[in-house]
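Single-structure report; data block below.
Because the structure is predicted, anything quoted here is derived from the model rather than measured. Nothing fancy with the numbering, it's 1 onward along the sequence.
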Amino acid sequence: MNTPSSPRRHSTHQACRQRGIALIVALILLVVATLTGMAGIRSTTLQEKMAGNQYDRSLAMQAAEAALRAAEALIAADPSNVAGSVDCRTVACPAVPPNTFTPDSANWQNVAGAFAMNAGLMGSTPQFLIQRLGDVTALSETGLDRSANTLQAGGGHIEPPRPVFRVTARSGTPTAANDRAVVFLSARITAQ
C-alpha cells in the first residue's frame, strides 16, 4: 500500500520545484523588460537633446548670417566712411579678432532693425566687427580683369581703388550665463 502513495509525493515535490523555476524565469523576464525600457528612455532623451542642439545651432547660424548681411549693408551704404570699423591699413589686424570668443564687446556693433534676427530666442543680439584691410588697385586682385566691362574698355582700363574689408560676425555675445550656441562667421568684402 505504500507504492500508490509514493508517486503522489514525488509529483507534488516536482510541482513545487516547477513553481520556483517559473518565478525565477518571470523575474528574469521582468529585469530584461525593465532594462529594455530604460535603454529606450535613454535613447529618446539623447535624441531629444541632439534635436534641441541642432535647432539651437540653426538659430545661431541664422543670426550670424544676419549680422554679416547687416555689415555688408553698412559697407555698401558708404564704403569710404564705415562707422565703427577698425583701420588695419597701418597695423596688421589678426584674422580672428582677439575678443571674438570672449564677452568683451569692444569694437563689436550690435545688429539692429530688419537684421536683428532671432535675438529674442538667442538671449543676446547678433554682432559684427568690420576691419578695413586696405584698397585693391589692380583688377587682377579681384578677378575683374576678365570681366566684360574690362574687355570692352580695353586692356589699359584702370579702375579706381576699391576698399577691402574683413567682417567677423557672431550670433551673440559668448558668456557663461548664456548657454546657447554661438556661431562665428568671417567674410572678405570688396566694396563696389
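Here the side chain of Arg170 pairs a donor or acceptor atom with the backbone of Thr100 at under 3.5 angstrom. Checking side-chain atoms of Thr34 against main-chain N and O of Leu30 turns up a donor-acceptor pair under 3.5 Å. The backbone N or O of Val32 sits less than 3.5 Å from a side-chain atom of Thr36, completing a donor-acceptor pair. No donor-acceptor distance shorter than 3.5 angstrom exists from the side chain of Ser186 to the backbone of Thr168, with no hydrogens or angles considered. For Asp135 (side chain) and Pro161 (main-chain N/O), no donor-acceptor pair under 3.5 Å exists by modelled atom type. In this structure, Ser171 contributes its side chain and Ala63 its backbone to no donor-acceptor pair below 3.5 Å. A donor-acceptor contact shorter than 3.5 Å is absent between the side chain of Asn107 and the backbone of Gly84. One N or O on the side chain of Thr44 and one on the backbone of Gly40 form a donor-acceptor pair closer than 3.5 Å. Listed for the Gln109 side chain is a donor-acceptor partner under 3.5 Å among the backbone atoms of Ala83.
The number of heavy atoms from other shown groups lying within 6.0 Å of OH (Tyr55) does not exceed 12. The number of heavy-atom neighbours closer than 6.0 Å to CE of Met50, taken from other residues, nucleotides and ligands shown, is above 12.
For the atom pair Ser80 OG and Asp78 CG, the distance stands at 3.5 Å (nearest 0.5 Å). Note that the CD atom of Glu48 and the CG atom of Asn53 stand 11.0 Å from one another [nearest 0.5 Å]. The line from SG of Cys93 to CD of Gln131 is 4.5 Å long, rounded to the nearest 0.5 Å. Of the inter-residue distances, the one linking Arg166 atom CZ with Leu133 atom CG reads 4.5 Å to the nearest 0.5 angstrom. Note that the CG atom of Asn99 and the OG1 atom of Thr173 stand 10.0 Å from one another [nearest 0.5 Å].
Here the closest non-hydrogen pair linking Thr125 and Val111 is CG2-O, 3.4 Å. Between Ala60 and Ala181, the shortest heavy-atom contact is CB-O, 3.5 Å. Contact record, Ser105 with Gln127: OG-NE2, 3.6 Å, taken as the closest heavy-atom pair. Between Phe115 and Ala66, the shortest heavy-atom distance links the atoms O-CB, 3.3 Å. When every heavy atom of Ala169 is checked against every heavy atom of Ala64, the shortest pair comes out as CB-O, 3.5 Å.
Proximity of Ile28 to Val31: side-chain heavy atoms (C-beta onward) are nowhere separated by under 4.5 Å. By the 4.5 Å heavy-atom criterion applied to side chains, Val167 and Glu72 are not counted as neighbours.
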Discussion item. Show, in sequence, the C-alpha distance, side-chain angles and deciding distance for Arg188 and Val164, and conclude whether the side chain to side chain contact (heavy atoms under 4.5 Å, CB included) test is met.
Written reply: CA-CA 7 Å; Arg188 184 177 169 165; Val164 178; 3.3 Å; yes
Taking it one step at a time, do Ile130 and Phe128 satisfy side chain to side chain contact (heavy atoms under 4.5 Å, CB included)?
CA-CA 7 Å; Ile130 301 175; Phe128 60 86; 3.7 Å; yes
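Cluster annotation: Leu59 is not connected to Val183 through the hydrophobic network of ILVMFWY side chains, with a link wherever side-chain heavy atoms come within less than 4.5 Å. Placement of Leu185 and Leu129 in two distinct hydrophobic clusters is found when ILVMFWY residues are connected by side-chain heavy-atom separations under 4.5 Å, directly or transitively.
Counting only N and O atoms by type, the side chains of Asp56 and Ser58 include no donor and acceptor under 3.5 Å apart.
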